[in-house]
Amino acid sequence: MVAFGKYLQRKQIEEWRGYYINYKLMKKKVKQYAEQIQGGSQHPRHVLKDFSRMLDTQIETTVLFMLEQQGLLAGRLAKLRETHDAILEQPDISRIVELREAYRDVGRDLLQLLKFVELNAVGLRKILKKFDKRFGYRFADYYVKTRANHPYSQLQQVFKHVGVGAVVGAISRNLHELQENEGSFYSIYDQPVLPLQDPVVEAIKTAVDKLTFSTNFLNFLAQHALIMQDDLVTPSEDTIDERTYHFNSLLLNLGNTFLYMVNTYIIVPTADDYSMSLGAAATVCGVVIGSMAVAQVFSSVYFSAWSNKSYFKPLVFSSIALFIGNLMYALAYDANSIALLLLGRLCCGLGSARAVNRRYISDCVPLRIRMQASAGFVSASALGMACGPALAGLLQIKFKFYKLTFNQSTLPGWVMAVAWLFYLVWLCISFREPLRDTEEEEDTNPNETTSMTDRVESSRVEEGLRMPLLITSGIKPEDEEECDESEESPEDSHKPANSFRSAYRLLTPSVKVQLLIYFMLKYAMEILLSESSVITSYYFSWTTSSVAIFLACLGLTVLPINILVGSYISNMFEDRQILLTSEIIVFLGILFSFNLFVPYTVPQYVISGLIMFVAAEVLEGVNLSLLSRVMSSRLSKGTYNGGLLSTEAGTLARVVADATITLGGYLGRGHLLNATLLPSLVICIGSIVATCCTYNSLY
């Protein structure tokens, strides 16, 4: 195992040696500070000020050198442009070949500069981690937050890549012009869909992608999906990603996500009518809707374990289970059996492959498009949530075929059964099982993940910068690990959790609070959605179509709200500020939903429900965004991963909420609203208190 300081020395370009971050010097200073504080000769505040000044100086040296090198590259490109113009006037094949190679030489030098930035980024992250670990002080948070947006700070300049983008653009455009385009009147700007196929340009783009991380809409949705990624990915792993990636398989994975969400919510507007037609109370709809979530609690675990070995087989099983479950749901009407109805929904829940959907994107989609794929996962879920009730509103017909009844209660089952059958056929024809490495399957390769401390500290730096110091690099984790006796051994730090108990032990207090928040918001949303048909028919005499329109409108707010938060609000306020504000708004939405002293009206129900739902959606996005950054890297692999924990928390919330609706039904439909809102209010207050207690530890 090689210490990072030695690794940095080995990878440095000799001519640039004086411009790298002096990691060894800062490491020695950290040790000196510790001795001085322990001996009482130095005040901690003076240490912080002195170390901050040292970091500022080191970063300034690096930034100024980077700008100088960019200027030299720009000068070379300007001279090449003069030669280029001369060649265009008098074409010469040999000179064109020489000029192309000259542009590629500039590109190769740019790659060296990107590696220079990469190594300095790792060095900065490592020394911040070491300082915090030695002193038990969150210096990384302080340093980044005070310099991230300051006009005189050099820190953010390293990662904006404005000059790099201009150089890449100039190289790409000029190489494109030098291609054989005889008879063509189009420029590179007229053909944006035809990228330049040049290995040097592609290598530069890959390097830039590894150092760039958007904080706008796509990133917000990707974190919303809680698809965890390793801090560092080696070039060989990138190659494996490209080799295993199959676009049609990704579409099928997202299709499973979409259809499952449609399947979940398509019955909500009619579940109460279906229950009453089978001789049960209207509030049994809570059990009918919730039985799918009950089964999902267990299915998430075995699907997560199954995804360690295969993706195709779990998706096939999911499709078959959902096909059979929907058939049972549809046939329960003619069989006059509430038991068959519940068994059908349980069978549907056993087909919940959301753990596989997340895992597929995390493991089988190349890093360069993983963010878009993660955003697609959230978008497919949101679209399915809106389409489910809307489709139920359209199925307002009734007829019999032989002895089978087709009406608003059974048609959701029949339609989804047919949809899953078509999906199964498409799956068998088009899905390609990704290639797997034996070591990856066993989750025992210590090179696959970085330590938990590295991930947490990296995340702190990333948040302040609004983009990470390093998303991926060519540095292997064993090279990056420091030879410190106080640090975890590689075997311990890289092992994935092997049970819920071990996964729970990896959760920090702030992460536990965020899971509580996730439970709260899912509980509140499930109460609103699942009891909507019962409440609106009792108070307002709404029809199934009216309920379906209301639920579809709620679902359609998901993406616009995420756009607003991801593109604007998250750039103006800290995540923890948005988190606490959203919790308070959810609390107010729940409070205004109570039926207390005045007659209950449609505006009160719709406005309070909309406020609560929108605030909960904002809260979910921000909360999962935070979780994706601070969860241990040991929860990014294996069966008991971070995605599974969040899925289980949300699913348990839905189970408890649907059980609350059914139990509240024993008090009578007139008391159901207040009886179900009261637990929501109590849990919301608890989450607000917990957030306030851990506010300073939230990022």
Side-chain angles (χ1 to χ4, degrees), residues 258-278 280-296 322 325-326 329-330 332 341-342 344-346 348-349 352 381-396 407-416 419 522-540 542-558 605-606 609-610 612-613 616-617 650-651 653-655 657-662 664-665 669 672-673 676:
F258 170 75
L259 285 178
Y260 184 79
M261 292 303 290
V262 173
N263 213 140
T264 301
Y265 290 99
I266 194 172
I267 72 157
V268 172
T270 58
D272 58 336
D273 290 337
Y274 204 168
S275 301
M276 289 190 292
S277 68
L278 298 179
T283 51
V284 174
C285 70
V287 174
V288 175
I289 298 170
S291 55
M292 193 169 176
V294 170
Q296 189 181 343
L322 283 153
N326 281 292
Y329 182 86
L341 183 73
L342 293 174
R345 290 295 285 179
L346 282 169
C348 288
S352 170
S381 299
L383 190 60
M385 184 180 179
C387 287
L391 187 57
L394 297 175
L395 300 176
Q396 302 300 301
N407 57 25
Q408 66 174 13
S409 298
T410 62
L411 276 171
W414 291 116
V415 168
M416 292 312 302
K522 284 296 183 184
Y523 181 92
M525 290 171 69
E526 188 70 10
I527 289 290
L528 172 66
L529 298 174
S530 296
E531 71 176 11
S532 58
S533 57
V534 180
I535 296 299
T536 55
S537 63
Y538 177 78
Y539 286 103
F540 318 126
W542 279 11
T543 62
T544 299
S545 297
S546 300
V547 178
I549 292 171
F550 172 67
L551 294 178
C553 289
L554 287 180
L556 289 172
T557 63
V558 175
Y605 177 76
V606 171
L610 186 63
M612 183 179 71
F613 187 84
E617 273 300 320
T651 304
R654 290 173 53 206
V655 171
D658 292 323
T660 304
I661 293 171
T662 301
R669 294 176 72 181
L672 177 64
L673 180 65
T676 53

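Along the sequence shown, residues carry numbers from 1. The basis for the numbers below is simple: all heavy atoms, side chains too, and nothing from hydrogens, waters or symmetry mates.
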> Ser352 side chain to Gly349 main-chain N or O, any donor-acceptor pair under 3.5 Å?
no
> Mind checking whether Val547 and Pro389 have side chains closer than 4.5 Å, heavy atoms only?
no
> For the atom pair OG1 (Thr662) and CD1 (Ile289), what is the distance rounded to the nearest 0.5 Å?
9.0 Å
> Which heavy atom of Met612 sits nearest to which heavy atom of Ala524, and what is that distance?
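Reported closest heavy-atom pair: CE-O, 3.7 Å.
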> Going from CD1 on Ile266 to CG on Leu551, what distance comes out if it is rounded to the nearest 0.5 angstrom?
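Going from CD1 on Ile266 over to CG on Leu551, the span is 12.0 Å.
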> Would you mind reporting whether Asn263 and Arg345 have side-chain heavy atoms less than 4.5 Å apart?
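When only atoms from C-beta onward are counted, Asn263 and Arg345 do touch, with a gap below 4.5 Å.
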> Between Gly664 and Leu672, which heavy-atom pair has the shortest distance, and what is it?
C-CD1, 3.7 Å
> Between Asp658 and Gly286, which heavy-atom pair has the shortest distance, and what is it?
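The pair with the smallest heavy-atom distance is CB-O, 2.9 Å.
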> Which value, rounded to the nearest 0.5 Å, describes the distance between Ile535 atom CD1 and Thr676 atom OG1?
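So the gap between those two atoms works out to 6.0 Å.
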> For ring pair (Phe, Tyr, Trp, His ring centres under 6.0 Å), just list the numbers for Tyr605 and Phe540, CA-CA rounded to whole Å, side-chain angles, deciding distance to a tenth of an Å, and then say yes or no.
CA-CA 10 Å; Tyr605 177 76; Phe540 318 126; 5.8 Å; yes
> Report yes if some heavy atom in the side chain of Tyr274 is under 4.5 Å from a heavy atom in the side chain of Thr410; otherwise report no.
yes
> Taking Asn326 for its side chain and Leu322 for its backbone only, find out whether a donor-acceptor pair lies under 3.5 Å.
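At least one qualifying donor-acceptor pair exists.
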> Is there a side chain to side chain contact (heavy atoms under 4.5 Å, CB included) between Thr651 and Glu526 once you walk through the steps?
CA-CA 10 Å; Thr651 304; Glu526 188 70 10; over 6 Å; no
> I'd like to check Glu617 versus Met525 (side-chain heavy atoms, cut-off strictly below 4.5 Å). Are they in contact?
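With C-beta onward as the side chain, the pair touches.
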> Establish, from distance only, whether the side-chain atoms of Tyr260 and Gln296 form a donor-acceptor pair under 3.5 Å.
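Yes, Gln296 and Tyr260 have a side-chain donor paired with an acceptor closer than 3.5 Å.
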> Under a 4.5 Å cut-off applied to non-hydrogen side-chain atoms, are Val288 and Tyr329 in contact?
yes
> What are the two closest non-hydrogen atoms of Met261 and Met385, and how far apart are they?
CB-N, 4.0 Å
> Would you check, one step at a time, whether the test side chain to side chain contact (heavy atoms under 4.5 Å, CB included) holds for Asp272 with Ser537?
CA-CA 10 Å; Asp272 58 336; Ser537 63; 4.1 Å; yes
> Could you walk me through whether Phe613 and Val558 satisfy the side chain to side chain contact (heavy atoms under 4.5 Å, CB included) test, starting with their C-alpha distance in whole Å, then the side-chain angles of each, then the deciding distance to 0.1 Å, before giving a yes or no?
CA-CA 9 Å; Phe613 187 84; Val558 175; 4.2 Å; yes
> Is the shortest side-chain heavy-atom distance between Met276 and Asp273 below 4.5 Å?
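Yes. Closest side-chain heavy atoms under 4.5 Å.
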> I need the Ile549 CD1 to Thr544 OG1 distance, nearest 0.5 Å.
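That separation rounds to 11.0 Å.
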> Considering all heavy atoms of both residues, which atom of Val262 and which atom of Cys387 are nearest to each other, and what is their separation?
CG2-CB, 4.2 Å
> Just how far is it from atom CG of Leu554 to atom OG of Ser532, taken to the nearest 0.5 Å?
8.5 Å
> Only one of Leu529, Leu528, Ile527 forms a side-chain contact (heavy atoms from CB on, under 4.5 Å) with Glu531, so which one is it?
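By the side-chain contact (heavy atoms from CB on, under 4.5 Å) criterion, Glu531 pairs with just one of Leu529, Leu528, Ile527: Ile527.
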> Of all heavy-atom pairs between Met416 and Leu259, which one has the smallest distance, and what is that distance?
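Answer, listing the atom of Met416 first, then Leu259: CE-O, 3.6 Å.
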> Determine, step by step, whether Cys285 and Val534 satisfy the side chain to side chain contact (heavy atoms under 4.5 Å, CB included) criterion, reporting the C-alpha distance in whole Å, the side-chain angles of both residues, the deciding distance to 0.1 Å, and the verdict.
CA-CA 8 Å; Cys285 70; Val534 180; 3.5 Å; yes
> Looking at CD of Gln396 and OG1 of Thr543, how far apart are the two atoms once the value is rounded to the nearest 0.5 Å?
7.0 Å
